[in-house]
Structures are given as C-alpha cells and as structure tokens.
Amino acid sequence: MVKIARWNDGGEVRSGFIHEDRAYPLPAGQTVNDLLDEGLEETLALAERTIGGAAATGDGAAHPLSGVVLLAPLVPATLRDFVAFEEHVEGMRISIDGAAGVMEEWYQAPTFYFSNPHTIRGTGEEIPIPAGCSQLDFETEVAAVIGRAPGSSGTNLSAEQAQRHIFGYTVFNDWSARDLQRREMKVSLGPCKGKDFAGTLGPWIVTADEFTDRQDADGFLGLRMSVDVNGSRVGEDLLSNMGWPFAELVAYASQDSVVLPGDVLGSGTCGSGCLAELWGRHGSQTPLPLQTGDTVSMTVEGIGTITNTVGTRREASTLVRARPRQRLPRSYDGAAAARG
C-alpha cells in the first residue's frame, strides 16, 4: 500500500511515502503537491523506486514512523465540501428546521460549499474553540484528493474522466461551530465563521489504486467509517451510503469550472457522523457539545485514523453589528454632499 504524507522531522517539514513502519522522504524541497502535479502513475513509479531502493541499500534516509510528527498530508489548493449522505441531511433538517424528510432539491444535484484551505490541521493537533462558540461539533468525512490526469484540462469532465483525476483519499474532519453556523445560514448564505476556523485531513493520502477492488459496479466504495469521542463510539456508517460516487462529485465540480491538482473534495458527513445530526434525532443536545479536553477520533477502513483534542475557547467578541441608516434616494448626490 502506498501512502503519501507530510511530517515534521526535527523541525524540518518533509514529504514522502509511508510504507509499513517507515517514512521515506522525497528529496529536500519536493512536496506532496509536486506529486499531485505529476499524477498518480508517475507517483506510484517513484514510490517503487524510493522504497525499493532504500530497502535494497539499507538507506539511512528512511525514518521510523514513530520518530516523526505527521502533518496534514497536503496543502490544499481549494477545499470543496459536499453534502452527499441522505441520512445526514435528514437528521440535520430536523435539528435546524424541525422538518422531517429530505428536501427534493438535494436529490437533483450534489451541493457543496468552499471552505478554508489555510486552516487545515493534521492528526494530533489541538483544535481551539473559536470565539463565541458554545456548540462545537465534528463532521466525519472522506475526502478525495485531485491529481493530474495526462491529456485532461480538468474542466467539464464526465464521471469516467473524473475518476482518472482522483489521486487518492484521506480522512476529513470538518470542524463546525453549530451556534455560529445556525445564525449565519438564516441569512441564506454561508457557512462562514461557523466552519472556517479548522479542518483536519490525514493521517495520509492512500492512493486510489488501492481501492479499485472495493468499488461496486456504480463506483461506490464500501468502506466502514466511525467516530469516537473520549473513546466511546458516537457514530458509524458506510462510505457507500453516499448519494453519488466520488467520480460524479468531481465531475460535477468541474462543470463550467475546473478541478486541478491539489484540490480536495469532501464527501460531507456520513450518517450519525456528527453531534448536530444526533441532536435532531434525539430532540435534545445528547451527546453534549464538545468541550475543552475532549478527544475526537475518526477511522475509515483502508485509510486510517485521525485524532484531535479540543483546546480552549478564544475569549473575544467577533460580532460586528450593522449600522441601520436612513436609506437615501437613488438620485442622492453623495459627492456633492461631501463637498458641503
């Protein structure tokens, strides 16, 4: 199995391959994003040469995995997050709107929002609670990582073409401040500050070729997903319960647009994969929102586990209220008024 990772080795950030219990670094200065730009086929060939060559020569450049600190496995170029699990939508609709069922629009086409690629964290990192948040939550997801496909521009792709752009998969925790998110989305836009403070990717990228035999005839991946809080199971699902396979999500994202190496596309939360969905089903905040010191672990079969601990809340007021003003007639000459 080929795993692509980034790690901190004595203060130096390196990228490379993980095989068994060893980390095999790329040459200094070469990154995971460079591999994505090369494409999957070239990367697999390089991994074989790197791991095989080190094993044959006893190359000391390979490090014990236990001796490095894993980081987020890439620096995303963009981060699209879909809402592809029907069960999750059903539970969240109860939680947010008090309505039963799934809206018809969900079935018509996959929907996503753009999140913040600059606040991505790795497994093991502490996640601070954002200012003003008292309902911190997690979202259990899988993300597809885009690489280059020879001869493709990445635009207006068919599902078959899009599959060639999927370089690999990683676990994704889309951290969510539910009280901030709820206020924002009443304006029919967002989420913004309810989401953009943190997301976890990791522990590495497992290349797409490893999952070929796990895809069914429609392209769905039958991988088990689970999430634990403080060691207790909170939710679990199958990745194959998505409403669309990943290739169709990538193809949809590319329509009248483009997907490029380094783009990350999240599946959206699996069924029972977050607290807010469970709040809707239980009719109360059971389990309780996350608190400082809580540990959240997500595991996806064939990929791995990411674990983060919740940090302290930043004590600040970030709300900036609008200043209601008398609306002036459209014929008003502001420049003349400023001149007096």
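Every heavy atom of this structure was used, including side-chain atoms; hydrogens, water molecules and symmetry mates were not.
- Val75 and Phe167 fall into different hydrophobic clusters, defined by Ile, Leu, Val, Met, Phe, Trp and Tyr side-chain heavy atoms under 4.5 Å apart, directly or through other members.
- Using a 4.5 Å heavy-atom cutoff, the side chains of Leu74 and Val145 are in contact.
- In terms of heavy atoms, Gly29 sits closest to Asp34 at O-OD2, 3.9 Å.
- Under a cut-off of 6.0 angstrom, the local environment of CD in Glu48 is sparse, with at most 12 non-hydrogen atoms contributed by other residues, nucleotides or ligands.
- Side-chain contact between Val229 and Phe138 is present, with heavy atoms from C-beta onward closer than 4.5 Å.
- Residue pairs that meet the side-chain hydrogen bond (donor to acceptor under 3.5 Å, both in side chains) test with at least one member in residues 111-133, sequence neighbours left out, are Tyr113-Asp174.
- A distance of 9.5 Å separates OG1 in Thr307 from CE in Met298, rounded to the nearest 0.5 Å.
- Counting all heavy atoms, side chain and backbone alike, Ser134 lies closest to Arg313 at CA-NH2, 3.8 Å.
- There is a path of hydrophobic side-chain contacts, each under 4.5 Å, that joins Leu157 to Ile166.
- Once rounded to the nearest 0.5 Å, the distance linking CD1 of Ile127 with OG1 of Thr312 reads 12.0 Å.
- At a threshold of 4.5 Å between side-chain heavy atoms, the hydrophobic network of Ile, Leu, Val, Met, Phe, Trp and Tyr places Val142 and Leu70 in one connected group.
- The hydrophobic cluster containing Val13, built from Ile/Leu/Val/Met/Phe/Trp/Tyr side-chain heavy atoms closer than 4.5 Å, also comprises Leu71.
- Counting all heavy atoms, side chain and backbone alike, Pro76 lies closest to Val264 at CB-CG2, 3.9 Å.
- Asp256 pairs by the side chain to side chain contact (heavy atoms under 4.5 Å, CB included) definition with Asn156, not counting sequence neighbours.
- The local environment of CD in Gln108 is crowded, with over 12 non-hydrogen atoms from other residues, nucleotides or ligands closer than 6.0 Å.
- In the hydrophobic clustering of this structure, Leu238 does not group with Leu223; members are Ile, Leu, Val, Met, Phe, Trp, Tyr whose side-chain heavy atoms approach within less than 4.5 Å, directly or through other members.
- In this structure Arg233 satisfies the salt bridge (charged side-chain N to carboxylate O under 4.0 Å, His left out) test together with Asp228, Glu236, sequence neighbours excluded.
- Sequence neighbours left out, the pairs with a member in residues 142-153 that pass side-chain hydrogen bond (donor to acceptor under 3.5 Å, both in side chains) are Asp37-Arg148, Ser152-His165.
- Here side-chain hydrogen bond (donor to acceptor under 3.5 Å, both in side chains) pairs that include residues 237-253, with residues two or more places apart or in two chains, are Asp237-Asn241.
- The side-chain heavy atoms of Val83 and Phe112, taken from C-beta on, include no pair separated by under 4.5 Å.
- Atom CG of Leu239 and atom SG of Cys270 lie 8.5 Å apart (nearest 0.5 Å).
- Looking only at distances, no side-chain donor or acceptor of Asn33 sits under 3.5 Å from a matching main-chain atom of Gly262.
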Could you list the donor-acceptor pairs under 3.5 angstrom formed between side-chain atoms of residues 317-327 and any protein atom two or more places apart in sequence or on another chain?
none

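- Between the side chain of Thr155 and the backbone N or O of Ser257, at least one donor-acceptor pair lies under 3.5 Å.
- For Asp209 and Thr207, the side-chain atoms include at least one donor-acceptor pair closer than 3.5 Å.
- For the pair Ser158 (side chain) and Gln161 (backbone), a donor-acceptor distance under 3.5 Å is present.
- Thr295 and Thr309 share a donor-acceptor pair across their side chains, judged by distance under 3.5 Å alone.
- The ring pair (Phe, Tyr, Trp, His ring centres under 6.0 Å) search around Phe211 returns Tyr169, not counting sequence neighbours.
- Not one N or O on the side chain of Arg214 forms a donor-acceptor pair closer than 3.5 Å with the backbone of Leu221.
- Counting heavy atoms from C-beta on, the side chains of Leu290 and Trp175 come closer than 4.5 Å.
- For the atom pair NZ of Lys193 and SG of Cys133, the computed distance is 12.5 Å after rounding to the nearest 0.5 Å.
- Using a 4.5 Å cut-off between side-chain heavy atoms of Ile, Leu, Val, Met, Phe, Trp and Tyr, Tyr332 falls into a hydrophobic cluster with Leu328.
- Distance alone, capped at 3.5 Å, is enough to place a donor-acceptor pair between the Trp279 side chain and the Pro287 backbone.
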Step-by-step side-chain contact (heavy atoms from CB on, under 4.5 Å) determination, Ile120 to Leu201: CA-CA 7 Å; Ile120 290 298; Leu201 291 173; 4.0 Å; yes

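- Expressed to the nearest 0.5 Å, how far CZ of Phe85 lies from SG of Cys274 amounts to 12.0 Å.
- Looking only at distances, a side-chain donor or acceptor of Thr140 sits under 3.5 Å from a matching main-chain atom of Gly273.
- Contact of the Val2 side chain with the Val206 side chain is not registered, since no non-hydrogen atoms from C-beta on lie closer than 4.5 Å.
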side-chain contact (heavy atoms from CB on, under 4.5 Å) assessment of Leu35 paired with Leu26: CA-CA 10 Å; Leu35 298 180; Leu26 296 169; 3.9 Å; yes

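- Alongside Val258, the hydrophobic cluster contains Leu260 (criterion: ILVMFWY side chains under 4.5 Å).
- For Thr170 and Trp204, the side-chain atoms include no donor-acceptor pair closer than 3.5 Å.
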Met103 vs Val89, side-chain contact (heavy atoms from CB on, under 4.5 Å): CA-CA, chis, key distance, verdict: CA-CA 9 Å; Met103 64 289 290; Val89 176; 3.7 Å; yes

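- A 4.5 Å side-chain heavy-atom check between Lys195 and Glu184 finds every atom pair outside the cut-off.
- Side chains of Arg182 and Gln135 form a contact here, defined as non-hydrogen atoms less than 4.5 Å apart.
- No side-chain heavy atom of Gln30 sits under 4.5 Å from any side-chain heavy atom of Ser15.
- Evaluation of the side-chain hydrogen bond (donor to acceptor under 3.5 Å, both in side chains) test over residues 267-277, restricted to residues two or more places apart or in two chains, returns His88-Glu277, Glu139-Thr269, Glu277-Arg281.
- Going from atom CG of Leu136 over to atom CD1 of Ile129 covers 5.5 Å, rounded to the nearest 0.5 Å.
- Nearest heavy atoms, Asp213 versus Glu210: OD1-O, 3.8 Å.
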Candidate pair Arg80 and Asp263, rule side-chain contact (heavy atoms from CB on, under 4.5 Å), full reasoning: CA-CA 8 Å; Arg80 297 173 176 89; Asp263 288 352; 3.5 Å; yes

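- Judged purely by distance below 3.5 Å, without hydrogens or angles, the side chains of Gln181 and Arg178 pair a donor atom with an acceptor atom.
- Leu40 and Ile18 end up in different hydrophobic clusters when Ile, Leu, Val, Met, Phe, Trp and Tyr side chains are linked at under 4.5 Å.
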Which atom pairs, one a donor and one an acceptor, fall under 3.5 Å between side chains of residues 3-12 and the rest of the protein, sequence neighbours left out?
unit_1, atom_1, unit_2, atom_2, d
Arg6, NH1, Ala72, O, 2.7
Asn8, OD1, Gly11, N, 2.8
Asp9, OD2, His63, NE2, 3.2

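- The minimum heavy-atom distance linking Arg14 with Pro25 is given by the pair NH2-CB, 3.7 Å.
- Of all non-hydrogen atoms in Pro289 and Asp294, the two that sit nearest each other are O-OD2, 4.4 Å.
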